[in-house]
Amino acid sequence: MKKITINVPASVANVSCGFDVLGFCLEEPYDEMTIEIKKTKGVEIKILNEKSIPTDPKYNVCGPVAFAMMKKLNFKYGFKITIVKKIKPGSGIGSSAASAAGTAFAINYLTGNKFSKLELVKFAMIGEEIASGAEHADNLSPVIFGGFTLVRSIKPLDIITLPSLEKLYVVISHPLIELKTKDARLIINKKINLEKAIHQWGNLGGFIASLYTKNYELMSKTIEDVIIEPQRLKLIPNFKKIVAAASTYSIGSGISGAGPSIFSICKGKGNAELVLDAIKKITDKGNIEYNLILSKINTVGIKTIN
Ligand code: HSE
């Protein structure tokens, strides 16, 4: 096998209560990546439809992931990576994570599946760090494992896969502006108030319990961020209006990853369609263009196309 084409999905990190640790994988949107072994050394990257991302492997997240894997494998040849980017960079739904995770998955496949999923997340984290300036795996883990995941620890890396409820759908409201994760992290105060921390880890525990018990009322109470979201709100256009519009038919809403997208989790496709319509009424009025996406939770993660 010299070549593989994969569907690499978007993801939602944080899910309000789990900053840097909680995440889930989406069915839509996804990038298409083709990775092939080339006889010459090095990594060649082509992005067919997006000019804003560097293709020099030193600056593209795929490069360091590929180089680290080639070094570990003592690989004599090189790789050509071709990407059709459908997950917009700087959208808050794991664009760079998709590229890093897709590279790790494909190289593993082309070189005989020697690495575990956990090891693939570790390789992919090398790329994510370039994009966001910090080590975290909350977008990478759901893309590689599928469904909902909890990154219990970074050092050593420990990932827990959580139940994914069949009935859950998600609406993503993506304003067409770019917000770099690095910038959205710079504004966060590194010191946190103990009272707020207690509130937040109560919510995180409650959210995880709601997945195991299929308790949507509990889930609704726990989709709340009292630490990071209040600091980032100023970066997210129409946040309060969109959350209010979604609230009648959604379980809960919050900033998706570092933003500027907003996620709204819904029970059933019918409710998700009503939420999308309600949000559209808000976004159609303003002067910022939005991409509204309706997706099921993706329980598989990366899929091989051919
Ligand atoms: N947990 C990260 C953040 C997600 O909110 O900064 C972005 O990759």
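Indexing begins at 1, ligand by ligand and atom by atom, following the structure's order. Here the structure is a predicted model, which is why all the values come from computation and not from measurement.
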* To do: Could you walk me through whether I279 and K241 pass the side chain to side chain contact (heavy atoms under 4.5 Å, CB included) test, one step at a time?
  => CA-CA 8 Å; I279 294 173; K241 279 190 203 163; over 6 Å; no
* Asked: What's the shortest heavy-atom distance between I83 and N49, and which atoms?
  -> O-OD1, 4.1 Å
* Structure fact -> Between V43 and I45, the two heavy atoms sitting closest are CG1-CG1, 4.0 Å
* Asked: Can you name the one residue among S250, S253, S256 that meets side-chain hydrogen bond (donor to acceptor under 3.5 Å, both in side chains) with S264?
  -> S253
* K117 and E119: CA distance, side-chain angles, deciding distance, salt bridge (charged side-chain N to carboxylate O under 4.0 Å, His left out) verdict -> CA-CA 5 Å; K117 285 186 176 179; E119 286 169 315; over 6 Å; no
Provide, to 0.1 Å, the distance between [atom] and the closest protein heavy atom, together with that atom's residue and name.
atom                   : result
atom 4 (C) of ligand 1 : D138 OD2, 3.8 Å
atom 1 (N) of ligand 1 : D20 OD1, 2.4 Å
atom 6 (O) of ligand 1 : R185 NH1, 2.6 Å
atom 8 (O) of ligand 1 : H136 CE1, 2.9 Å

Report, in ascending order of atom number, the atoms of ligand 1 lying under 4.0 Å from any heavy atom of [X].
X    : value
T181 : 6 (O), 7 (C), 8 (O)
A258 : 5 (O), 6 (O), 7 (C)
N139 : 4 (C), 7 (C), 8 (O)

* Specify side chain, backbone, both or neither for N14, according to which of its non-hydrogen atoms lie closer than 4.0 Å to ligand 1. => side chain
* Structure fact -> Going by the 4.0 angstrom heavy-atom rule, the piece of R232 near ligand 1 is side chain
* Could you walk me through whether L110 and K2 pass the side chain to side chain contact (heavy atoms under 4.5 Å, CB included) check? -> CA-CA 6 Å; L110 294 171; K2 296 267 161 59; 5.7 Å; no
* Asked: Would you find more than 12 non-hydrogen atoms of other residues, nucleotides or ligands less than 6.0 Å from K221 atom NZ?
  -> no
